[in-house]
Amino acid sequence: MRRSAYFLPTLKETPAEAQIVSHRLMLRAGMIRQASAGIYSWLPLGFRVLKNIERIVREEQDAAGCQEILMPTIQSADLWKQSGRYEDYGKEMLRIEDRHGREMLYGPTNEELITDIFKSAVKSYRDLPKLLYHIQWKFRDEVRPRFGIMRGREFLMKDSYSFDLDYEGAREAYNKMFVAYLRTFARMDLKAIPMEADTGPIGGNLSHEFIILADTGESEVHCNRDFVDFDVLGSDVEYRDVEGLAKIVDHFTSLYARTDEKHDAAEFERRVPEDRRHVGRGIEVGHIFYFGDKYSEPLGAFVTKPDDSQVAVHMGSYGIGVSRLAGAIIEASHDDAGIVWPEAVAPFKVGLINLKAGDADCTRVCEEIYGRLRGAGIEVLYDDSEERGGAKFAEMDLIGLPWQLVVGPRGVKQGVVELKQRRGGDRQELSSESALARLTA
RNA sequence: CGGGGCGUAGCUCAGUCUGGUAGAGUGCCUGCUUUGGGAGCAGGAAGCCGGAGGUUCGAAUCCUCUCGCCCCGACCA
């Protein structure tokens, strides 16, 4: 993509409404625009990041055996009356009336709808287990939206739902998602710690929140520092190995880690040595629940067992805040100059800077590199604009692409270009060929 | 939902107390000079001062109502 043609409205100054660093940087880097309180438009740069996050989430869900579907944003109130949540959810639910006076709502979550879909199609234990997910916009009419997309009213969420015959089966599904979440966040270079959590209005009695430690987080957490040093999971996880999964889950739940609601000061002090105690704030990026028959029972999702008896299926639900992750990643990875994207979610891998757009030699070298990078399938933002060098450097640092390839008249004369790594700032001069080899390796 | 604050140029803000008809920086446009970390000079465009009503000879400024946004807390993913 050529910078001169790209819709990238960066800002030199920080808009007044932005308080936390991710919100500031997202606005300054031209990723998002606020439409109204807690509701945002995603501009090209931000949308690329969102799509990358979504892709990683999707790949890991698929790998865990979860099947993607797509449910609507607008739902009928009927199912919610059956489950009892039409009243319980309160004002956070955006209620809508259609032209016929029917009560509708903008879905804040999808347990009711998925249960209805499931029960209409599945009648026998033979059809279990099932794991389904979708990635869809949700709306929760927060009293006080804040922190940009970190706590918006409209947000993109991946929600999965598991259906099993009994607790053991549901526990396997829970473990699969637990492990898939560890994988998902690790691929985004995030240290997400699974913490014992409250179930809230979803209900149920087994739940973990996946939390990234960050001072700007909204949740207060207590955990053992050793979690930070845990090795991340490789891509060789075998999801059919039930015992193997259980072992991984046991390992990642062996140390004390709890959200505020579940915190027990005495137990914390007993189980965690003083120098290992961490009390701080965190950002919730995922939340998984087992809730048994809380929805299957009232909504009538029963299957026939081998002995011809009927049983309400055991269910769990598993959420990842896809849009929130964009902000959480920035909270975890930035410096004074701007965003530092992990390569897996970066909007482009390389920023190619032509330091002197009017110079024939610089432009020739840049065009050559640009063509070859694109030919190799590398995503590159080519700053071919007439701006001065300083402005280009500052903007490239701000938007945080992992690699900067700088082509200037001084280097071109000597047959070299400069390759700079955004994280850490290491830079080296080398030939175009070597630089291309490095970037396409 | 309690408490506080803010709406003036694309952005950051001054001007409001004490009423007299709109300002700065930055960004944008033009030209010249520059060109390796957000350049310099000169010229220029750009705002029914969030909206409605009222007071007044006269309102960005005072009064009333209203809409929007932000922050703290409670709540929540």
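Below, chain A is the first sequence line, B the second, and so on; all start at residue 1.
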Exercise. For A/Arg33, answer base if it contacts any base atom (sugar-phosphate contacts may also be present), sugar-phosphate if it contacts only those atoms, and nothing otherwise; contact means non-hydrogen atoms under 4.0 Å.
Key: nothing

Practice problem: Give one of base, sugar-phosphate or nothing for A/Gly408, where a contact means two heavy atoms less than 4.0 Å apart. | Solution: base

Quiz item: What is the distance from CD1 of A/Ile353 to P of B/U35, rounded to the nearest Å?
Solution: 18 Å

Self-check item: Whole angstrom value for the distance that separates C1' of B/C70 from CD of A/Gln34
Solution: 9 Å

Exercise. Select base, sugar-phosphate, or nothing to describe what A/Gln19 touches, counting heavy atoms under 4.0 Å on all strands.
Key: sugar-phosphate

Practice problem: Examine B/A77: is either OP1 or OP2 under 4.0 Å from a nitrogen or oxygen in the side chain of A/Arg324? Give yes or no. | Solution: no

Quiz item: What integer distance in Å separates A/Leu405:CG from B/G36:C1'?
Solution: 14 Å

Exercise. Could you state the atom-to-atom distance from CE of A/Met195 to C1' of B/A77 in whole Å?
Key: 15 Å

Practice problem: Please determine, for the side chain of A/Pro15, which listed nucleotide (B/C11, B/A77, B/G36) has the closest atom? | Solution: B/C11

Practice problem: Measure from the side-chain heavy atoms of A/Arg427 and tell me the nearest of B/G36, B/G37, B/A77. | Solution: B/G37

Quiz prompt | For atom CZ of A/Phe210 and atom C1' of B/A77, their distance in whole Å | solution = 14 Å

Quiz item: Does a donor on one side chain sit under 3.5 Å from an acceptor on the other, for A/Tyr86 and A/Asp88?
Solution: no

Quiz item: Can A/Phe348 and A/Tyr6 be said to form a ring-ring contact (aromatic ring centres under 6.0 Å, His included), step by step?
Solution: CA-CA 12 Å; A/Phe348 296 92; A/Tyr6 200 43; 5.5 Å; yes

Self-check item: Close approaches to RNA chain B from residues 379-398 of chain A, in residue order (heavy atom, under 4.0 Å)
Solution: A/Arg388, A/Gly390, A/Ala391, A/Phe393, A/Ala394, A/Asp397, A/Leu398

Practice problem: For A/Glu142, report the nucleic acid contact type (base, sugar-phosphate, nothing); a contact means any heavy atom under 4.0 Å. | Solution: base

Quiz item: What is the pairing partner of B/G2, taking Watson-Crick or G-U wobble pairs with both distances under 3.5 Å in any strand?
Solution: B/C72

Quiz item: Can you find an N or O donor on one side and an acceptor on the other, under 3.5 Å apart, linking the side chain of A/Arg146 with the base of B/G73?
Solution: no

Exercise. Calculate the interatomic distance between A/Ile20 atom CD1 and B/C72 atom P; express it in whole Å.
Key: 10 Å

Self-check item: B/G54 versus B/G19 - spacing of their C1' atoms, nearest Å
Solution: 15 Å

Practice problem: Report the base-pairing partner of B/G10 (Watson-Crick or G-U wobble, both distances below 3.5 angstrom), or none. | Solution: B/U26

Exercise. Indicate whether OP1 or OP2 belonging to B/G36 is found under 4.0 Å from a side-chain N or O atom of A/Lys356.
Key: no

Quiz item: Roughly, in whole Å, what's the span from CG in A/Leu156 to P in B/A77?
Solution: 18 Å

Self-check item: Rounded P spacing from B/C49 to B/C57 in Å
Solution: 22 Å

Practice problem: Searching all strands shown, indicate the nucleotide that pairs with B/C62 (Watson-Crick or G-U wobble; both distances under 3.5 Å). | Solution: B/G54

Quiz item: Does A/Glu17 or A/Glu284 map to a spot on RNA chain B nearer the 5' end, using the closest nucleotide for each?
Solution: A/Glu17

Quiz item: For RNA chain B, what residues of residues 2-14 of chain A have any heavy atom nearer than 4.0 Å?
Solution: A/Lys12, A/Glu13, A/Thr14

Exercise. Verify the distance criterion only: is there a donor paired with an acceptor across the side chains of A/Arg48 and A/Asn52 at less than 3.5 Å?
Key: no

Quiz item: Would you call the rings of A/Phe210 and A/Phe185 parallel, tilted or perpendicular, where under 30° means parallel and over 60° means perpendicular?
Solution: tilted

Exercise. Using the C1' atoms only, state how far B/A9 lies from B/A74, rounded to an integer number of Å.
Key: 39 Å

Quiz item: Any luck finding a side-chain donor-acceptor pair between A/Gln404 and A/Asp397 under 3.5 Å?
Solution: yes

Quiz item: Base, sugar-phosphate, or nothing: which does A/Gly338 touch, judged by heavy atoms less than 4.0 Å apart?
Solution: nothing

Quiz prompt | Opposite nucleotide pairing with B/C41, Watson-Crick or G-U, both atom distances under 3.5 Å | solution = B/G31

Quiz item: Which nucleotide in the list B/C1, B/A77, B/C70 gets nearest to the side chain of A/Glu209?
Solution: B/A77

Quiz item: Using a distance-only test with no angle check, is there a side-chain donor-acceptor pair under 3.5 angstrom linking A/Glu209 and A/Ser207?
Solution: no

Quiz prompt | Check: A/Gln61/A/Ser160 side-chain N/O donor and acceptor closer than 3.5 Å | solution = yes

Practice problem: May I ask you to say what A/Gly286 touches in the nucleic acid, namely base, sugar-phosphate or nothing, with a heavy-atom cut-off under 4.0 Å? | Solution: nothing

Quiz item: Taking the same atom, C1', in B/C48 and in B/U21, what whole-Å distance lies between them?
Solution: 13 Å

Quiz prompt | B/C71 to B/U33 separation - C1' atoms, rounded to the nearest Å | solution = 47 Å

Exercise. Kindly indicate whether the side chain of A/Leu43, heavy atoms from C-beta on, has any atom under 4.5 Å from the side chain of A/Met31.
Key: no

Quiz item: Taking the six-membered ring for Trp, are A/His263 and A/His222 parallel (under 30°), tilted (30 to 60°) or perpendicular (over 60°)?
Solution: parallel

Practice problem: Please work out whether the ring planes of A/Tyr174 and A/Phe178 are parallel, tilted or perpendicular, with thresholds of 30° and 60°. | Solution: tilted

Quiz prompt | Pair A/Arg423, A/Ser333: side-chain N/O donor-acceptor within cut-off below 3.5 Å | solution = yes

Practice problem: Take A/Gln404 and A/Arg144, find for each the nucleotide of RNA chain B with the closest heavy atom, and name the residue whose nucleotide sits nearer the 5' end. | Solution: A/Gln404

Quiz item: Would you call the rings of A/His134 and A/Tyr161 parallel, tilted or perpendicular if under 30° counts as parallel and over 60° as perpendicular?
Solution: tilted

Quiz prompt | Whole-angstrom distance between B/A22 and B/U18, as gauged at atom P | solution = 22 Å

Quiz item: What interatomic distance, in whole Å, is found between P of B/C62 and the corresponding atom of B/G47?
Solution: 24 Å

Quiz item: Between B/A77 atom C1' and A/Lys158 atom NZ, what is the distance in whole Å?
Solution: 13 Å

